[in-house]
Amino acid sequence: MYRIKIHKLLKSETPRDNIIVKGWVRTRRDSSNFSFIEINDGSCLENLQIVANESLENYEDIKKLTTGSAVAVFGNLIESQGRGQQWEMNAKALEVISLAPDSYPLQKKRHTDEFLRTIAHLRPRTNKYGAVFRIRSELSFAIHRFFRERGFRYIHSPIITGSDCEGAGELFKVTTIDFENPPKKDGKIDYSRDFFGTEASLTVSGQLSAEMFALALGDVYTFGPTFRAENSNTKRHVSEFWMVEPEMAFCDLFEDIDLAEEMVKYLTVYILEECSDDLKLFTRFVDKNLKPALENIAQSEFKRILYEEAVEILRKSGKNFKFDISFGKDLQTEHERYLTEDFFKKPVVIYNYPKDIKPFYMRLNDDNKSVAAMDVLVPRIGELIGGSQREERLSMLEARMNETGLLKENYWWYLDSRRFGTVPHSGFGLGFERLIMLMTGTSNIRDVIPFPRTPNSIDF
RNA sequence: UCCCCAGUAGCUCAGUUGGCAGAGCGAGUGGCUGUUAACCACUAAGUCCGCGGUUCGAGUCCGUGCUGGGGAGCCA
């Protein structure tokens, strides 16, 4: 006899005798001579109703069960006599594993997201956050499955890096230097005496590593944490977040866009099909339009437009934007939202951006002023994916590095890839938390990562 | 980093012109009922975010700091 998880029991076709269920009490309702106890074991959104009769020897203790207490129940799964659930469990014995005191912060009522953030260690015990983190797990699995079905290899790119990759934002330094008494040379801190013999930092992207492996294994992807030390305070930024970064050899920008679109749709369909119970909760309590919005993503063809066309549409929109629009400037949040939410009302891919607003590794187009870059914008989230065809021509790459002031010596290994068997290749980065926000309707990124790290906040 | 808003019971909030600290929910106790965010009654529960100021008197007005939220920038 072993423990059976609730999600399995609730799918049962027949009654079952002499089973064991373990979980946490969500609520207790007493009758004159018996109690209903709803327990949840995290295996699914649904609770299992336990019927505990006064004939149980520890019934007095059972009547004191509080929300949050842990129990083990031995008994029979029977068809429920009441309405509201198909199955319930008739307890033949109920062991109180631990009793939660009445100071347990989670009450039998809805809490605000702001309050739950202050008890992030307990929030996965709520219906909503349980659902968020089950979906997070399912999405991770779906991503691996998507790539595996297409012959991609999973690459573990380093977390600690010596190269100031691509200048994508502020870096967190990694050091063992004693700041009270740092080694110095010519008045400056001497990093040659630091742990790695040079400055090191947490990675902001696995892309450069992924490129090296794409040029060996063909199609690869990374999926891991990345770090930005930017003082960003918005609903869409955290200092530690997860990124999915595929990289493909023998692949141009348009095949790159194809993969991005295929992937977003695949993951959307996966969640619609595999997480329908959890999704119902979000549609009911978080975003009434979530399900139709996801179906729209799954079914519609993503609109693909040139950066120039996007600028034209924005110019002619008649909207009074706070920031003005002109070729050579990056699109602002308000512009992206207008395009994807109001104008096209579906995901939009914008490509061929001006080279000056994009990093050095993106491939220069023949017009000499734009690069083969693409962004996938989705309603409510904005930029979900950013990608490009990489500059595979050594001389062009070196020229771009000079323009942007990067030292070739630091990228000798990266440049080697363009010396030895270089080929056209492309890839993109997808912000995993933003994907979860999209799939669950959650509006704050802090609510889709277990323990969010943001400026001035690293509790838990 | 900039702009705006907020901070009162465990939670969500009200608090009038500056004049006795309040409600709902939750919790505890008792009752009732195959109940289901159960229901009914009673009870307990407060550094009104911190510091300073104005005033006979400050939850309320002023200054300042902290924390949280929203928007912007940076970006995924």
Side-chain angles (χ1 to χ4, degrees), chain A residues 26-39 46-53 63-64 66-68 78-85 88 90 100-119 122 126-127 166-170 204-207 225-245 260 285 321-323 330-337 357-359 375-378 381-387 428-438 443-449 454-457 459:
Chain A
R26 284 294 176 82
T27 180
R28 193 196 80 235
R29 294 179 290 271
D30 297 327
S31 243
S32 48
N33 47 11
F34 59 97
S35 292
F36 297 105
I37 303 155
E38 286 202 33
I39 66 170
E46 243 56 54
N47 301 325
L48 177 65
Q49 175 165 284
I50 308 291
V51 182
N53 199 278
K63 274 179 74 173
K64 291 191 181 114
T66 49
T67 301
I78 57 171
E79 284 197 48
S80 180
Q81 297 169 36
R83 286 173 197 185
Q85 60 279 314
E88 66 187 18
N90 207 346
D102 59 26
S103 56
Y104 184 58
L106 294 174
Q107 305 173 351
K108 292 191 291 185
K109 55 178 256 185
R110 284 187 77 184
H111 284 296
T112 59
D113 295 322
E114 290 80 11
F115 171 67
L116 291 170
R117 255 169 244 153
T118 69
I119 49 169
L122 300 176
T126 64
N127 286 338
E166 53 175 302
E170 296 292 315
V204 294
S205 162
Q207 180 196 316
T226 51
F227 308 86
R228 305 281 164 90
E230 259 141 30
N231 191 14
S232 297
N233 293 286
T234 81
K235 298 195 292 182
R236 304 184 310 281
H237 294 89
V238 276
S239 310
E240 178 183 293
F241 64 99
W242 286 58
M243 252 207 306
V244 180
E245 295 178 287
F285 294 114
F321 292 115
K322 211 170 148 195
F323 293 87
D330 208 355
L331 301 178
Q332 303 293 327
T333 303
E334 57 177 350
H335 304 142
E336 296 179 348
R337 294 191 66 157
I357 57 172
K358 290 293 180 185
D375 283 352
V376 179
L377 312 179
V378 295
I381 306 293
E383 186 181 339
L384 178 69
I385 287 174
F428 62 80
L430 174 145
F432 186 49
E433 281 74 20
R434 289 188 182 174
L435 180 73
I436 304 169
M437 292 167 76
L438 178 69
S443 59
N444 195 311
I445 196 168
R446 295 176 182 90
D447 297 334
V448 299
I449 188 164
T454 53
N456 268 317
S457 170
D459 284 340

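A quick note: this is a predicted structure, and the numbers were derived from the prediction, not measured. Residue numbering restarts at 1 for every chain, and letters A, B, ... go by the order of the sequence lines.
Atom CD of A:Glu433 is separated from atom C1' of B:C75 by 14 Å (rounded to the nearest Å). In this structure, NZ of A:Lys235 is placed 18 Å from P of B:C74, rounded to the nearest angstrom. Here the C1' atom of nucleotide B:C75 and the CD atom of A:Glu240 are 17 Å apart, to the nearest Å. When rounded to the nearest whole Å, the span between CD1 of A:Ile119 and C1' of B:G68 equals 15 Å. Atom CG in A:Leu106 sits about 14 Å away from atom C1' in B:A37, given to the nearest Å. Here the P atom of nucleotide B:A72 and the NE2 atom of A:His335 are 12 Å apart, to the nearest Å. We find that CD of A:Glu334 is positioned 14 Å from P of B:G71, with the value rounded to whole Å. Atom pair A:His237:NE2 and B:G70:P shows a separation of 14 Å (rounding to whole Å applied).
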Return a single string for nucleotides 27-34 of chain B, one symbol per nucleotide in 5' to 3' order, where B is base contact, S is sugar-phosphate-only contact and - is none, cutoff 4.0 angstrom on heavy atoms. SS----BB
I need a per-nucleotide contact map over nucleotides 2-14 of chain B, read 5' to 3'. Cutoff is protein heavy atoms under 4.0 Å; write B for the base, S for backbone only, - otherwise. --------BBS--
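Considering only side-chain N and O atoms, A:Asn444 lies under 4.0 angstrom from the phosphate OP1 or OP2 of B:G70. Considering only side-chain N and O atoms, A:Thr234 lies nowhere under 4.0 angstrom from the phosphate OP1 or OP2 of B:G71. In terms of phosphate contacts, A:Arg117 brings a side-chain nitrogen or oxygen within less than 4.0 Å of OP1 or OP2 of B:G69.
Atom name P, nucleotides B:U60 and B:U16: the rounded distance is 11 Å, in whole Å. Comparing the C1' positions of B:U17 and B:C32 gives an interatomic distance of 48 Å, to the nearest angstrom. B:C42 sits 11 Å from B:G24 when the P atoms are compared, rounded to a whole Å.
Summarising the base pairing, B:C2 is matched to B:G71 through a Watson-Crick or G-U wobble pair whose two defining distances lie under 3.5 Å.
Across all strands shown, A:Leu430 has no heavy atoms under 4.0 Å from either base or sugar-phosphate atoms.
At least one donor-acceptor pair under 3.5 Å links the side chain of A:Glu230 to the backbone N or O of A:Glu170. Formation of a donor-acceptor pair under 3.5 Å by the A:Ser80 side chain with backbone atoms of A:Gly82 is found in this model. Here the side chain of A:Ser35 pairs no donor or acceptor atom with the backbone of A:Ile37 at under 3.5 angstrom. With hydrogens and angles ignored, the 3.5 Å screen pairs no side-chain donor or acceptor of A:Glu433 with any backbone N or O of A:Phe241.
Within 3.5 Å, a donor on the side chain of A:Ser232 pairs with an acceptor on the base of B:C74, or the reverse.
By the 30° and 60° cut-offs, the orientation of the rings of A:Phe115 relative to A:His111 is tilted.
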